[in-house]
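In what follows, a structure is listed as structure tokens, so that the remarks can point back to it.
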Amino acid sequence: MKGYANPHLLVTPGELLELTSGPADRRPLILDLRPPEAYAAGHIPGAIHLDLWGVSLIDTDPAPLRAFMWMIEHVFALHGVNAETPVVVYDEQSGLRAARAFWFLEYFGHPSTRLLDGGFGAWQRAGLPVTRDAEPAPKSEWLGERDFSKLATWREVKNAVDGNGAVLLDTRTDGEYCGTTVRALRGGAIPGATHIEWTRNLTAGGDFKPAAELQAMYEAAGVTPDREVITYCQGGYRAAHSYLALRLLGYPRVRSYVGSWKEWGDREDLPIEVPAKP
């Protein structure tokens, strides 16, 4: 209905209800990425709670990157993820918590990951069942197959700054981009980055905008599908959201800079710029 090149990356509340009403062996694993108090107050029946908030990587050199991703992979397995079962992630809206989980699962090569468009808010507005009951996650010893084309380290970002043709997409607020809001050792932006805040991907109702609106917004800023795109923010959450928006549009080469501004801004050996206020 929204004209996406990859509509299978999202699921509507009605579609998810149908999936959860089918045979038990064909039901998806549903992961609720909201804060624990929100999950405890009510959630989609069968959903497993997984809160990854605050778990970030600030050093994308090979050894810390491997260690961090091993831990995240283990956490997903503990929460029931396996290669055979489709996964649906959600938070309050089509939000950054769920988008980050989506990105992680794509990086780990999971074959079927979808995000609930509009999130729990859309589920509630549709009048669908909510429960406070919780069950343990199914047992899993899942090991993913990493897809390094989904991830950028500081080295790939530096190559983009040096002119390899990739677009750097800054998904932070105006204040962070212009250096008036400082959340690392230095404030500002990665040189040459295009700024489109992640919230502009969403409608007022909290679901993703139709493809035509997203396409027009990104192409007007020079973020075009013929170029590789590297998204970044402060710690990889908002970057994952814009990664998903571009995946919906069918952009073939999109990476998320997992270390984002916290790594880049803390490293005085890496260049920055302080753009003028818009």
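Looking at every heavy atom in both residues, W264 comes nearest to L270 through CE3-CD1, 3.5 Å. Here the shortest heavy-atom pairing between L202 and K209 reads O-CE, 3.1 Å. The two residues P191 and L168 make their nearest non-hydrogen contact at O-CD1, 4.0 Å. Here the shortest heavy-atom pairing between A83 and P111 reads O-CG, 3.3 Å. Here the closest heavy-atom approach between residue P225 and residue P252 is recorded as O-CD, 3.4 Å. For the pair V157 and A152, the tightest heavy-atom approach, listed with the atom from each and the gap, is CG2-CB, 4.4 Å.
Side chains of T173 and H195 form no contact here, defined as non-hydrogen atoms less than 4.5 Å apart. Between L52 and F104, some side-chain heavy-atom pair lies under the 4.5 Å cut-off. A 4.5 Å side-chain heavy-atom check between I44 and L116 finds at least one atom pair inside the cut-off. No side-chain heavy atom of S149 sits less than 4.5 Å from a side-chain heavy atom of Y107. Taking 4.5 Å as the limit, every side-chain heavy atom of C178 sits out of range of all side-chain heavy atoms of V274.
Within the model, atoms OH of Y243 and OG of S256 stand 8.5 Å from one another, a figure rounded to the nearest 0.5 Å. Rounding to the nearest 0.5 Å gives a distance of 12.0 Å between CG of L29 and CD of E84. Summarising the geometry, atom NE2 belonging to H43 is positioned 9.5 Å from atom CZ belonging to R132; distances are rounded to the nearest 0.5 Å. Distance check, rounded to the nearest 0.5 Å: NZ of K158 to CD1 of I190 gives 11.5 Å. How far CH2 of W198 is from OG1 of T171: 9.0 Å, rounded to the nearest 0.5 Å. In this structure, CD1 in I48 is found 12.5 Å from CG in L33, a value given to the nearest 0.5 Å.
Remark: side-chain polar atoms of E273 are not paired, donor with acceptor, to backbone N or O of G188 under 3.5 angstrom. Under the 3.5 Å distance criterion, the side-chain polar atoms of H110 are left unmatched by any main-chain donor or acceptor of E106. Side chain of N201 to main chain of A245: no donor-acceptor pair is present (N/O by atom type, distance under 3.5 Å, no hydrogens or angles). Checking side-chain atoms of D91 against main-chain N and O of A98 turns up a donor-acceptor pair under 3.5 Å. Counting only distance, with no hydrogens or angles, the side chain of Y251 and the backbone of V223 share a donor-acceptor pair below 3.5 Å. The closest donor-acceptor contact from the side chain of E176 to the backbone of V182 lies at 3.5 Å or more, if one exists at all. For the pair R186 (side chain) and G265 (backbone), a donor-acceptor distance under 3.5 Å is present. S260 contributes a side-chain N or O that, together with a main-chain N or O of Y257, makes up a donor-acceptor pair within less than 3.5 Å. Formation of a donor-acceptor pair under 3.5 Å by the N6 side chain with backbone atoms of R247 is found in this model. W261 places no side-chain N or O within 3.5 Å of a backbone atom of R172 that could act as its donor or acceptor partner.
Each of Y177 and L185 belongs to its own hydrophobic cluster when Ile, Leu, Val, Met, Phe, Trp and Tyr are linked at side-chain heavy-atom distances under 4.5 angstrom. Under a hydrophobic clustering in which Ile, Leu, Val, Met, Phe, Trp and Tyr are joined whenever their side-chain heavy atoms come within less than 4.5 Å, directly or via other members, V167 and L214 fall into the same cluster. Note on Y39 and L50: separate hydrophobic clusters, where clusters join Ile, Leu, Val, Met, Phe, Trp and Tyr whose side-chain heavy atoms are under 4.5 Å apart, directly or indirectly. The hydrophobic clustering, which links ILVMFWY residues whose side-chain heavy atoms are closer than 4.5 Å, places L115 and F108 together. W123 is not connected to L31 by any chain of hydrophobic side-chain contacts under 4.5 Å among Ile, Leu, Val, Met, Phe, Trp and Tyr, and they are in different clusters.
Atom CD of E37 sits in a crowded spot, with more than 12 heavy atoms from other residues, nucleotides or ligands closer than 6.0 Å.
One finds no salt bridge joining R238 and E197 here, because no Lys/Arg side-chain nitrogen approaches an Asp/Glu carboxylate oxygen to under 4.0 Å. Contact check on D51 versus R97 returns a salt bridge, with a Lys/Arg side-chain nitrogen under 4.0 Å from an Asp/Glu carboxylate oxygen.
Judged purely by distance below 3.5 Å, without hydrogens or angles, the side chains of D61 and W154 pair a donor atom with an acceptor atom. For the 3.5 Å distance criterion, the side chains of E156 and T153 qualify, holding a donor opposite an acceptor. Side-chain contact, D117 with S94: a donor N or O sits under 3.5 Å from an acceptor N or O. Y237 and R100 are linked by a side-chain donor-acceptor pair at a separation below 3.5 angstrom, with hydrogens and angles left out of the test.
Shown are L128, T131, L17; of these, the side-chain contact (heavy atoms from CB on, under 4.5 Å) with P45 is made only by T131. With E228 as the fixed residue, the salt bridge (Lys or Arg N to Asp or Glu O under 4.0 Å) test singles out one of R253, K150, R255: R255.
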Donor-acceptor pairs under 3.5 angstrom involving side-chain atoms of residues 63-80: please list them, not counting sequence neighbours.
unit_1, atom_1, unit_2, atom_2, d
E73, OE1, R146, NH2, 3.1
E73, OE2, G144, N, 2.7
E73, OE2, R146, NH1, 3.3
H79, ND1, V75, O, 2.8
H79, NE2, H49, O, 3.4

- Message: Does I230 form a side chain to side chain contact (heavy atoms under 4.5 Å, CB included) with L169? I'd like the steps, not just the answer.
- Response: CA-CA 6 Å; I230 300 175; L169 178 61; over 6 Å; no
- Message: Determine whether L16 and I30 satisfy the following criterion, side chain to side chain contact (heavy atoms under 4.5 Å, CB included), listing intermediate values before the conclusion.
- Response: CA-CA 9 Å; L16 182 55; I30 305 173; 4.1 Å; yes
- Go through V87 and L105 one step at a time and tell me if the side chain to side chain contact (heavy atoms under 4.5 Å, CB included) criterion holds. CA-CA 9 Å; V87 178; L105 289 167; 3.8 Å; yes
- Message: For T60 and E263: C-alpha separation, side-chain torsions, deciding distance, then whether side chain to side chain contact (heavy atoms under 4.5 Å, CB included) applies.
- Response: CA-CA 8 Å; T60 57; E263 178 181 33; 2.9 Å; yes
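Ring pair F120/Y90 is parallel by interplanar angle, where below 30° counts as parallel and above 60° as perpendicular.
Every pair passing ring pair (Phe, Tyr, Trp, His ring centres under 6.0 Å) that includes a residue from residues 207-234 is listed here, sequence neighbours excluded: F208-H241.
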